[in-house]
Chemist: 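Dropping a structure here in structure tokens format, bear with me for questions.
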Amino acid sequence: MEQIVSLCKRRGFVFPGSEIYGGMANSWDYGPYGIELKNNIAKSWWKTFVQERDDVVGLDSAIITNPKVWVASGHVANFNDPLVDCKGCKTRHRGDKLLEEKIGVDETAAIPFEEVGKKLNELKIVCPNCGKTDWTDARKFNLLFETQVGVLADTKNIAYLRGETAQGIFINFKNISNTMRKKLPFGVAQVGKAFRNEITPGNFIFRTREFEQMEIEYFIRPPKTENEWREPFEAWMEDIKRFFSDKLGLSDENMRWRRHDENERSFYSKDTFDVEYLFPSLGWGELHGFAYRTDYDLNQHIKHSGADLTYVDDEGNKFVPHCIEPSFGLTRTLLAVLAEAYNEEEVGENDTRIVMKFKPALAPIKVAVFPLLKNKPVLVEKAQEIYKNLKPLFMCEFDDNGNVGKRYRRQDEIGTPFCVTVDFDTIEKDNSVTVRDRDSMEQVRVKVEELEGYLAQKLQ
Ligand code: ATP
């Protein structure tokens with residue numbers, strides 16, 4: 001993980017937040033290559049799950065909503081973590097996470113909130129800060145970020161920054177089904193920021209207080225039989241697996257689907273999985289949440305808002321749809337993509353290179369164009385001309401700093417799939433350029449007039 005954090009800072013992917021003011025705990029800024037990578041992941045997700053499907057539409061709902069939304073969703077009452085204090089050093093921790101490390105998720109889920117502190121002491125779990133075992137009882141700590149709306153700081157004006165993007169979808173269910181004339185089953189997708197006042201954020205961008213999610217609510221008819229929902233549920237599982245492997249390049253051995261047992265699963269859910277990724281230094285961590293949530297969410301909003309969120313089918317049957325929820329963390333996925341892409345390779349005696357083997361569609365820069373020598377105007381002019389022609393088609397970079405070997409290394413570190421070099425043969429002999437492949441490091445000559453087609457085909 002250290003190498004990834006260092007590369008992210010050195011190469012402009014992710015910077016520590018508010019750095020010139022001494023930082024802001026656990027806030028991160030996405031630099032020029034980080035934002036390209038993040039946008040490319042979100043674009044690939046949107047293309048896969050919205051653009052290429054007939055049954056999913058998009059949404060961009062507000063971050064600050066009527067606070068009743070979060071009462072209805074259960075977040076105000078139940079979105080709590082068990083906060084424990086170490087009596088030795090006074091640091092605060094999430095009791096459930098400390099227990100999970102020792103006894104696993106399933107056993108931890110069976111421990112009632114009020115017994116978390118006692119259990120930590122019983123199992124002699126030590127404080128990660130000072131090494132002592134002396135825990136307070138757990139207190140409920142609500143994760144919603146409160147804010148005040150308007151000019152008066154009054155309890156009546158309290159609102160919450162959204163704790164997840166999903167609720168924006170439920171509260172727009174009627175608007176979408178009315179305007180889009182979608183027949184069930186259909187889904188609504190949304191990408192955007194979510195906020196949680198996490199007790200122990202950390203591990204770089206794995207757990208932050210401000211992060212991005214990509215969520216879908218897929219509405220289905222109430223199942224007529226006990227297991228009718230299984231078919232769409234399993235179809236979604238396959239689509240999600242394909243997305244992680246084919247579009248993001250996450251390898252099977254680094255992924256696992258962990259089913260929640262009854263203790264861990266919410267009372268309204270019939271089946272829930274955490275899709276976990278094997279993060280370097282951190283171990284298995286949740287990347288994605290996947291659940292069949294029955295009709296719980298829409299019913300909660302019906303109850304609290306009084307609005308009619310039912311659906312009427314062609315035969316005039318009126319009912320509350322059920323839903324399947326694939327919930328992706330965008331910024332956490334970005335960390336998995338970085339981890340998967342990171343490679344250190346021997347490239348000669350005592351020589352290694354760092355290369356980020358992103359899928360081409362995700363790479364921040366697709367093509368880098370170089371003149372062989374910086375001080376030969378004829379080479380620079382030709383390279384500039386090629387660069388300007390390619391730029392409207394692909395995210396490109398022009399680089400004439402240092403020698404070509406150094407430029408390759410830099411482009412390898414940001415994961416650029418192709419480097420194009422203009423040399424004297426280009427001008428004097430064959431109007432061809434050298435195209436160097438990031439992964440194989442092989443170089444081929446390509447005619448300038450064929451370059452665009454060649455790259456387009458390779459970058460597909
Ligand atoms: P965790 O158990 O890690 O706290 P969660 O079960 O609360 O996660 P969900 O509410 O299911 O997470 O949110 C869906 C997804 O949003 C997660 O799978 C994760 O990718 C992402 N996510 C949740 N909390 C954070 C966070 N604090 N920082 C970054 N990503 C997050």
Side-chain angles (χ1 to χ4, degrees), residues 14 17 25-28 30 34 38 41-42 45 70 73-75 78-83 93-101 104-106 108-109 141-145 160-170 189-217 240 243-244 248 250 254-261 263-266 268-269 271-279 282-293 296-297 323-339:
V14 185
N26 192 247
S27 97
W28 301 94
Y30 290 82
K38 182 148 68 72
I41 295 170
W45 183 85
W70 304 99
S73 69
H75 283 77
N78 303 321
F79 198 37
N80 299 313
D81 279 342
L83 174 68
H93 301 267
R94 244 179 93 171
D96 57 335
K97 290 286 162 201
L98 294 173
L99 284 170
E100 277 174 15
E101 278 166 29
V105 182
D106 293 344
T108 304
F141 182 79
N142 194 280
L143 297 182
L144 284 177
F145 258 107
Y160 305 101
L161 303 185
R162 67 180 176 203
E164 59 177 27
T165 55
Q167 295 306 319
I169 297 177
F170 294 120
Q190 154 145 261
V191 181
K193 292 239 168 174
F195 304 82
R196 296 183 186 178
N197 202 1
E198 299 276 2
I199 299 168
T200 40
N203 290 316
F204 192 34
I205 54 171
F206 178 81
R207 186 180 302 287
T208 48
R209 295 198 169 99
E210 174 183 343
F211 56 98
E212 276 172 80
Q213 292 185 312
M214 309 185 285
E215 294 195 295
I216 298 167
E217 299 305 329
I240 293 164
F243 173 72
F244 280 130
L248 302 187
L250 303 183
N254 287 334
M255 306 277 299
R256 70 176 187 198
W257 285 63
R258 191 181 61 75
R259 183 176 245 141
H260 286 203
D261 74 1
N263 294 320
E264 194 182 1
R265 202 172 60 225
S266 310
Y268 47 78
S269 169
D271 203 0
T272 299
F273 286 88
D274 282 357
V275 182
E276 297 181 333
Y277 184 79
L278 189 55
F279 289 95
L282 204 152
W284 292 103
E286 179 183 331
L287 182 61
H288 172 88
F290 181 64
Y292 166 43
R293 300 176 60 88
Y296 175 77
D297 306 274
C323 93
I324 292 168
E325 179 185 76
S327 174
F328 298 74
L330 171 54
T331 40
R332 210 175 265 185
T333 300
L334 186 140
L335 182 58
V337 168
L338 284 168

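Atoms within each ligand, like the ligands themselves, are counted from 1 in listed order.
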Chemist: Determine whether the side chain, the backbone, both or neither of Leu287 has a heavy atom under 4.0 Å from any heavy atom of ligand 1.
Modeler: backbone

Chemist: Who's closest to atom 7 (O) of ligand 1 heavy-atom-wise, of Glu286, Glu100, Arg196?
Modeler: Arg196

Chemist: Go through it in stages, so that I can follow the logic: the residues are Arg258 and Glu264, the test is salt bridge (charged side-chain N to carboxylate O under 4.0 Å, His left out), and I'd like the CA-CA distance, side-chain angles, deciding distance and then a yes or no.
Modeler: CA-CA 11 Å; Arg258 191 181 61 75; Glu264 194 182 1; 2.9 Å; yes

Chemist: Determine whether the aromatic ring centres of residues Phe206 and Phe204 are separated by less than 6.0 angstrom.
Modeler: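 Between Phe206 and Phe204, which both carry aromatic rings, the centre distance is not below 6.0 Å.
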
Chemist: Would you say Phe328 and ligand 1 have an N/O pair spaced under 3.5 Å apart?
Modeler: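 Among all N and O atoms of Phe328, none is under 3.5 Å from an N or O of ligand 1.
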
Chemist: I need the Glu215 CD to Leu330 CG distance, nearest 0.5 Å.
Modeler: 11.5 Å

Chemist: Just which atoms of ligand 1 are under 4.0 Å from any heavy atom in His288?
Modeler: 18 (O)

Chemist: For atom 28 (N) of ligand 1, what's the nearest protein heavy-atom neighbour? Residue, atom name and distance, please.
Modeler: Thr208 N, 3.0 Å

Chemist: Write out the residue and atom name of the closest protein heavy atom to atom 16 (O) of ligand 1, then the distance separating them to 0.1 Å.
Modeler: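 Protein heavy atom with the smallest distance to atom 16 (O) of ligand 1: Gln213 NE2, 3.2 Å.
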
Chemist: Which ligand 1 atoms are under 4.0 Å away from a heavy-atom of Gly289?
Modeler: 18 (O)

Chemist: So, 4.0 Å and heavy atoms of Glu198: is ligand 1 close enough to count as a contact?
Modeler: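 It does; at least one heavy atom falls under 4.0 Å.
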
Chemist: What protein heavy atom sits nearest atom 14 (C) of ligand 1, and how far away is it?
Modeler: Ser327 OG, 3.0 Å

Chemist: Among all protein non-hydrogen atoms, which one is nearest to atom 21 (C) of ligand 1, and what is the separation to 0.1 Å?
Modeler: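 For this ligand atom, the closest protein heavy atom is Gly329 CA, 3.7 Å.
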
Chemist: Give a yes or no on whether a salt bridge exists between Arg207 and Glu198, defined as a side-chain N under 4.0 angstrom from a carboxylate O.
Modeler: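 Here Arg207 pairs with Glu198 in a salt bridge, since their nearest N and O are under 4.0 Å apart.
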
Chemist: Have a look at ligand 1 and work out which part of Arg207, if any, has a heavy atom under 4.0 Å from it: side chain, backbone, both or neither.
Modeler: both

Chemist: Could you identify the single nearest non-hydrogen protein atom to atom 19 (C) of ligand 1 and state the distance to 0.1 Å?
Modeler: Arg332 NH1, 3.6 Å

Chemist: Could you check whether Phe243 and Phe328 have their ring centres less than 6.0 Å apart?
Modeler: yes

Chemist: Going by an N to O cut-off under 4.0 Å, is there a salt bridge joining Glu100 and Arg94?
Modeler: no

Chemist: Is there side-chain contact between Ile216 and Glu325, with at least one heavy-atom pair below 4.5 Å?
Modeler: no

Chemist: Centres of the Tyr160 and Phe145 rings: under 6.0 Å?
Modeler: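 Judged by ring-centre distance (under 6.0 Å), Tyr160 and Phe145 do not meet the cut-off.
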
Chemist: For the atom pair CD1 (Ile205) and CZ (Phe211), what is the distance rounded to the nearest 0.5 Å?
Modeler: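 The CD1 atom of Ile205 sits 12.5 Å away from the CZ atom of Phe211.
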
Chemist: Report yes or no: does Arg196 contribute a side-chain atom to a donor-acceptor pair with the main-chain N or O of Glu210 at less than 3.5 Å?
Modeler: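 Here the side-chain-to-backbone pair does not exist.
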
Chemist: Please work out whether any backbone atom (N, CA, C, O) or any side-chain heavy atom from C-beta onward of Glu215 is under 4.0 Å from ligand 1, and answer side chain, backbone, both or neither.
Modeler: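 No part of Glu215 is near ligand 1 at this cut-off.
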
Chemist: Please state which option from Phe211, Phe79, Tyr277, Phe195 has its nearest heavy atom closest to atom 31 (C) of ligand 1.
Modeler: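 Closest candidate by heavy-atom distance is Phe211.
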
Chemist: Heavy-atom contacts with Phe206 under 4.0 Å: which atoms of ligand 1 show up? List them by number with element.
Modeler: 28 (N), 29 (C), 30 (N)

